Amino acid sequence: MHDIRKIRETPEAFDAGLKRRGAEALSARLLALDAERRALETRAQEIQAERNAAAKEIGARKSKGEDAEDLIEQVSKSKDAQAAAEAEAKAKGDELNTLLATIPNIPDADVPDGKDEHDNIEVRKWGVPAAFDFTPKDHVELGEALGQMDFERAAKMSGARFVLLTGQLARLERALAAFMLDVHTLENGYTEVNPPALVKDTALFGTGQLPKFADDLFHTVDDYWLIPTAEVPLTNIAADETVAESALPARFTAKTWCFRSEAGSAGKDTRGMIRQHQFTKVEMVSMVKPEESDAELERMTECAEGILQRLDLPYRTVALCTGDMGFGAAKTYDIEVWLPGQNTYREISSCSNCRDFQARRMNARFKRADGKKPEFVHTLNGSGLAVGRCLVAVLENYQNADGSITIPKALLPYMAGQEVIRPDA
RNA sequence: GGUGGGUUGGCAGAGUGGUUGAAUGCACCGGUCUUGAAAACCGGCAUGCGUGAAAGCGUAUCCAGGGUUCGAAUCCCUGACCCACCGCCA
């Protein structure tokens, strides 16, 4: 959500930012609504002030036992005019807010301009894809041959885009998530959270999924929404709160299921575990002071990359261009892991600085020690990592010629002594 | 799901429909006193919005939304949440 006062002050910069994202200039329309709203509000307040004064006078007269009928009659007349002005002001305000709520965040100055993912810029690359002396299989072939990854049975009960992991693969997924959580909590300073997976619409408005992207979400009949990412419950921890400066930075991590309708993705990544309606993800969220959010984005991205480094999975980090960034982000790094089965890098993490965009929507503030007015915090979120896709990466990168999977060293403590995953006996 | 009770400032807690943004206490900030501190005493102490160069002025806010009234923290209706008990339940 944007600050209308800031738009008032620098409308050109606002429109220029929208243009970089491929959106039309809106400041003129916003400022017209804003001016109308304020004029109507002032008029309503003037009428109200007169009525309040009259009501006081009536009270004063009555307490002295005097007659006040003339005033009562006079004041009654202004009632409709006031109600009308108030209603109009509210209508304009609603219109303004409705429009504001659908406007994406403005990209940072250093975000590369571009139309789509082809214009993203690689900022670094880590690791060297292994050379196989056989043709590497993709995770579907590997998992099904192991007899521990079953798309057909999942489809029987749930339809497309679900999977049933069993045995050692189910354990491997659990191991990955536990490993990530341990690193983030024990080494990276994040507090582990086990949050609700069903939330109200206000929470989704706060992080920016609503009102624009309802189609991407699952909605229950009794009006809950399934979270598409733990970013939603973790960031909303700060909603409607004003914390002390000393409480920042606040860092939270959670392993949750994420539920996405994938409404606009029909036909895309239909094979395998890459794009599912339900997947496990370990998420990181930070609330920081405005002057700290640039550094925090770098830090968070390093925390995510650290997981891949310790799993010895090759990856590259890209800076998203203006056209590929999410609604609430001012700057985003995607981390893409190497998948030998697809012979390409695929997104496994996305780390974003939302600045005060979400904080303003959910009213998340902090107060500096010097006692000045509360300010909005800056919020950041990043996957650390997408567990399902990480499982895919482990299978494809650690596969052996016979179809068995070597367990990455970092996961051995989580695998009950098992070093290699083989087909079920 | 049922019945009953509740929701007032940072906290606790008053508040006969009339000049109440709201008593009082605690906390907090400033001052007096003190070698220093404590105590005592004095004063201050909510937020949003509009307007204004500023001081200020106006307006709204006592869970939320409607209503009655010249006037609502106070009366009426609806809803949310909390607490207790009952039922059900991992």
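Because the structure is predicted, anything quoted here is derived from the model rather than measured. Reminder, nothing fancy here: chain letters follow the sequence lines and each chain counts from 1.
- Pair check for B:G87 finds none; no Watson-Crick or G-U wobble contact set falls under 3.5 Å.
- Taken from CG in A:Leu385 to SG in A:Cys390, the straight-line distance is 5.0 Å, to the nearest 0.5 Å.
- Neither OP1 nor OP2 of B:U51 sits under 4.0 Å from any side-chain N or O of A:Gln45.
- What separates NZ of A:Lys367 from C1' of B:C29 is a distance of 12 Å, to the nearest Å.
- For A:Asp240 and B:C63, the CG to P distance is 16 Å, given to the nearest whole Å.
- Candidate nucleotides B:G50, B:G71, B:U19 were compared by shortest atom distance to the side chain of A:Arg5, and B:G50 ranks first.
- With a cut-off of 3.5 Å on both Watson-Crick or G-U wobble distances, the partner of B:U51 is given as B:G56.
- Between the P atoms of B:G4 and B:C62, the separation comes to 27 Å (whole Å).
- With hydrogens and angles ignored, no donor-acceptor pair closer than 3.5 Å exists between the side chain of A:Glu41 and the base of B:G50.
- Rounding to whole angstrom units, NZ of residue A:Lys90 and P of B:A60 are separated by 17 Å.
- A gap of 6 Å separates the C1' atoms of B:A72 and B:G17, to the nearest Å.
- Counting non-hydrogen atoms under 4.0 angstrom, A:Arg61 reaches nothing in the nucleic acid.
- B:C77 and B:A12 are spaced 28 Å apart, taking the P atom of each and rounding to whole Å.
- Nucleotide B:U61: paired with B:A46 (Watson-Crick or G-U wobble, both distances less than 3.5 Å).
- Here A:Glu336 contributes atom CD and A:Asn120 contributes atom CG; the two are 7.5 Å apart, rounded to the nearest 0.5 Å.
- Within a 6.0 Å sphere centred on CZ of A:Arg38, other residues, nucleotides and ligands contribute more than 12 heavy atoms.
- Nucleotides B:A14 and B:G71 are separated by 30 Å at their P atoms, to the nearest Å.
- Looking at the side chain of A:Lys56, the nearest of the listed nucleotides B:G50, B:U19, B:C70 is B:U19.
- One P atom belongs to B:U78, the other to B:G5, and the distance between them is 15 Å to the nearest Å.
- With B:G50, B:U19, B:C70 as the choices, the nucleotide that has an atom nearest any side-chain atom of A:Thr42 turns out to be B:G50.
- Considering only side-chain N and O atoms, A:Arg38 lies nowhere under 4.0 angstrom from the phosphate OP1 or OP2 of B:G58.
- When Watson-Crick and G-U wobble pairs are counted only if both distances are under 3.5 Å, B:G17 pairs with no nucleotide at all.
- B:U7 is paired with B:A80 under the Watson-Crick or G-U wobble criterion, all donor-acceptor distances under 3.5 Å.
- Remark: of the listed residues A:Thr379, A:Asn105, A:Asp108, A:Asp108 is the sole one forming a side-chain hydrogen bond (donor to acceptor under 3.5 Å, both in side chains) with A:Arg355.
- Two rings, from A:Tyr224 and A:His219, have their centers 6.0 Å or more apart.
- Residues A:Pro112 and A:Asp119 are not in side-chain contact: their nearest non-hydrogen atoms beyond the backbone lie 4.5 Å or more apart.
- Comparing B:A80 with B:U32, their C1' atoms are spaced 50 Å from each other, to the whole Å.
- Close to B:G71, at under 4.0 Å from its OP1 or OP2, lies no side-chain N or O of A:Asn52.
- The pairing partner recorded for B:A40 is B:U32, the criterion being a Watson-Crick or G-U wobble arrangement whose two distances lie under 3.5 angstrom.
- For the P atom pair drawn from B:A22 and B:A27, the interatomic distance equals 23 Å after rounding to whole Å.
- Remark: P of B:A60 and CD of A:Glu46 are 13 Å apart, rounded to the nearest angstrom.
- A:Tyr224 has its OH atom 12 Å from the C1' atom of B:A80, to the nearest Å.
- Between A:Leu18 and A:Ser27 the shortest side-chain heavy-atom distance does not fall below 4.5 Å.
- Of the nucleotides present, none pairs with B:A22 by Watson-Crick or G-U wobble criteria with both distances under 3.5 Å.
- Atom name P, nucleotides B:G6 and B:A54: the rounded distance is 47 Å, in whole Å.
- Residue-to-nucleotide proximity on RNA chain B shows that, of A:Ala39 and A:Ala53, the 5′-proximal contact is made by A:Ala39.
- If you measure from atom CD of A:Glu50 to atom C1' of B:G71, you get 16 Å, rounded to the nearest angstrom.
- For the pair A:Ala49 and A:Gly59, nearest-nucleotide mapping onto RNA chain B gives the more 5' position to A:Gly59.
- For A:Ala203 against A:Asn236, the heavy-atom pair with the smallest separation is O-ND2, 2.9 Å.
- Rounded to an integer number of Å, the gap from A:Glu86 CD to B:U59 C1' is 10 Å.
- Spacing between atom CZ of A:Arg51 and atom P of B:U69 amounts to 12 Å, rounded to whole angstrom units.
- Residue A:Ile58 is classed as a base contact, given a heavy-atom separation below 4.0 Å to a base.
- Nucleic acid contact for A:Arg37: sugar-phosphate only, since backbone atoms but no base atoms lie under 4.0 Å from a heavy atom of the residue.
- If you check every strand for non-hydrogen atoms under 4.0 Å, A:Ala54 touches nothing.
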